[in-house]
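Worksheet: one structure, shown below.
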Amino acid sequence: MLDIRWIRSNADEVKAYLANRNNDFDIEPLLALDEEKRKLLSETEELKAKRNEGSRKVGMAKSKGEDAVELMEEMRVIGDRIRDIDSTLAEIEEKMNNMLLSIPNRPHESVPVGKDENDNPVVRRWGEPKSFAFEPKAHWDIGEAAGIMDFEKGAALAQSRFTVLKGVGARLERALLNFMLDLHTEKHGYLEVQPPFMVNSKTMQGTGQLPKFADDLYKCENDDLWLIPTAEVPLTNLFAGEILEEEQLPFYCTAYTPCFRREAGAYGRDVRGMLRQHQFDKVEMVKISTPERSYEELEMLTDNAEEVLRLLEIPHRTVCLCTGDMGFGSSKTYDIEVWLPSQDKYREISSCSNCEDFQARRMNTRYRPKGGGKPQFVHTLNGSGIAVGRTLIAVLENYQREDGSVEIPKALVSYMGGVEEIR
RNA sequence: GGAGAGGUGGCCGAGUGGUCGAAGGCGAUUGACUCGAAAUCAAUUGGGCGGCUUGCCGUCCCGUGGGUUCAAAUCCCACCUUCUCCGCCA
């Protein structure tokens with residue numbers, strides 16, 4: 001959410017970046033409501049001042065045993081007017097709030113202007129795609145042949161886009177997430193957290209999933225609860241409504257959670273295999289920072305995610321999302337893409353974003369600066385550290401051998417109970 | 001799910017209709033005393049919004065949302081939440 005006062009005095013800048021984001025939101029009606037709201041607010045506050053004064057006089061008169069009927073009647077009339085204005089005001093505020101909640105975040109000045117993913121510049125590459133002496137297979141062929149992935153059972157038990165992992169496959173999933181959590185907690189200084197996998201509407205609104213993206217979420221029928229699409233939601237909201245001390249910042253936390261997404265807009269895409277699932281495992285990293293150092297923190301966060309792939313020795317690259325491809329709440333996002341030999345291309349495996357104060361304002365998370373002074377909104381950052389299911393895919397495809405067996409990356413062997421290959 | 005008791009400022013805690021944004025205490029900050037510290041004394045010490053002469057004025061906030069009233073922390077209703085007991089349960 002943006003600050004209405006900032007929008008008021010930077011209307012042209014807002015219009016310009018909305019265009020760069022391919023967003024057609026019109027801020028003029030919002031500005032008109034803002035104008036009207038402030039007018040009504042002064043009016044009702046003036047009346048309230050008058051009423052407070054009058055009520056005080058009634059009190060004083062009564063304590064002296066005097067009659068105050070006339071004054072009470074006068075105050076009653078004022079009270080009625082206040083009620084009218086306040087109810088209009090409440091309507092206007094609700095409208096404004098809904099509008100404010102639908103405006104995407106402002107991109108950072110370092111973000112390249114562009115139309116879609118084709119305009120995302122590559123900022124780093126690590127490793128060379130391995131050349132295979134044979135035709136590399138897709139993970140679903142490798143997984144089914146090895147008896148560790150069952151897509152038919154997934155569909156039978158639930159729906160398409162669900163998979164059953166078995167034996168070494170299930171073990172590999174668990175090995176990967178343990179490996180990632182250990183790396184971030186022991187080496188990168190993140191606090192391990194296990195949050196709820198369901199959250200309420202307010203929490204979903206805090207990070208920006210609601211009200212705009214309800215169609216992408218799974219909702220529980222009888223309760224105000226939603227399945228989380230990413231651990232970013234509960235982790236970032238950990239301090240919602242609080243004022244932190246600057247000494248507590250930066251705060252780093254990480255969590256493994258399953259993630260649930262309806263994939264409503266992705267009907268024909270990635271239908272085979274387990275690249276795009278309704279339920280997938282992810283290790284997430286979240287940082288709460290002061291505004292001064294949030295961009296430095298973003299670079300470190302992205303590096304923390306990249307390190308997972310470096311240690312697993314899987315080729316990958318990092319791109320900076322352009323204005324047209326960025327997510328709703330982000331000011332700057334790096335996507336990390338992993339090499340998938342069967343597709344002969346890089347695919348997203350992590351997304352690391354600085355949301356600046358966009359989520360903080362929605363959640364109302366602030367900190368008190370060291371020297372004292374007014375509380376300021378924090379900056380929030382999040383990044384996959386990394387998507388576990390997709391990492392499993394990347395391992396299978398990049399470490400496959402001609403005979404259909406798969407080598408286990410060295411970094412994972414101890415997590416696999418000493419198993420060095422899948423066959 | 002049933003019964004009961006609570007939710008007040010950073011913390012503890014008083015306040016059952018009228019100058020109450022809220023006594024008192026603790027903590028914190030500043031000043032005095034001190035070579036320094038402690039102790040002591042004094043002052044200050046929440047947040048949001050709006051206005052303008054940017055320092056002040058106004059307004060709102062005592063779990064949340066409604067209601068009654070000239071006036072609500074205080075009365076009424078609903079909800080959330082914490083604790084205790086019972087039931088159920090991994």
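Labels below follow one simple rule: chain letters A, B, ... track the order of the sequence lines, proteins then strands, and each chain is numbered from 1.
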For U59(B), does OP1 or OP2 lie under 4.0 Å from any side-chain N or O of N52(A)? yes
Does G50(B) have OP1 or OP2 sitting under 4.0 Å from an N or O in the side chain of R5(A)? yes
Check whether any side-chain N or O of R368(A) sits under 4.0 Å from OP1 or OP2 of G47(B), and answer yes or no. yes
Establish, with yes or no, whether the OP1 or OP2 oxygen of C80(B) is under 4.0 angstrom from a side-chain nitrogen or oxygen of N200(A). no
Paired with U44(B): which nucleotide, if any, by Watson-Crick or G-U wobble criteria at under 3.5 Å for both distances? A28(B)
Between R310(A) and D303(A), does any side-chain N to carboxylate O distance fall below 4.0 Å? yes
Does G50(B) have OP1 or OP2 under 4.0 Å away from a side-chain N or O of R8(A)? yes
Between H278(A) and F162(A), how do the two ring planes meet: parallel, tilted or perpendicular, split at 30° and 60°? tilted
Looking at A71(B), I'd like to know if its phosphate oxygens (OP1 or OP2) sit under 4.0 Å from a side-chain N or O belonging to R56(A). no
Across all strands shown, which nucleotide pairs with A72(B) by Watson-Crick or G-U wobble geometry, both distances under 3.5 Å? none
Looking only at atom C1', what distance separates U54(B) and A5(B), rounded to whole Å? 49 Å
Give a yes/no answer on whether the side chain of R366(A) brings an N or O atom under 4.0 Å of OP1 or OP2 in G48(B). yes
Can you tell me the Watson-Crick or wobble partner of G65(B), both distances under 3.5 angstrom? C77(B)
Give a yes/no answer on whether the side chain of K57(A) brings an N or O atom under 4.0 Å of OP1 or OP2 in G18(B). no
Neighbour count >12 (heavy atoms, 6.0 Å) for atom NZ, K166(A): yes
Which value, in whole Å, describes the distance between the C1' atoms of nucleotides G18(B) and G31(B)? 38 Å
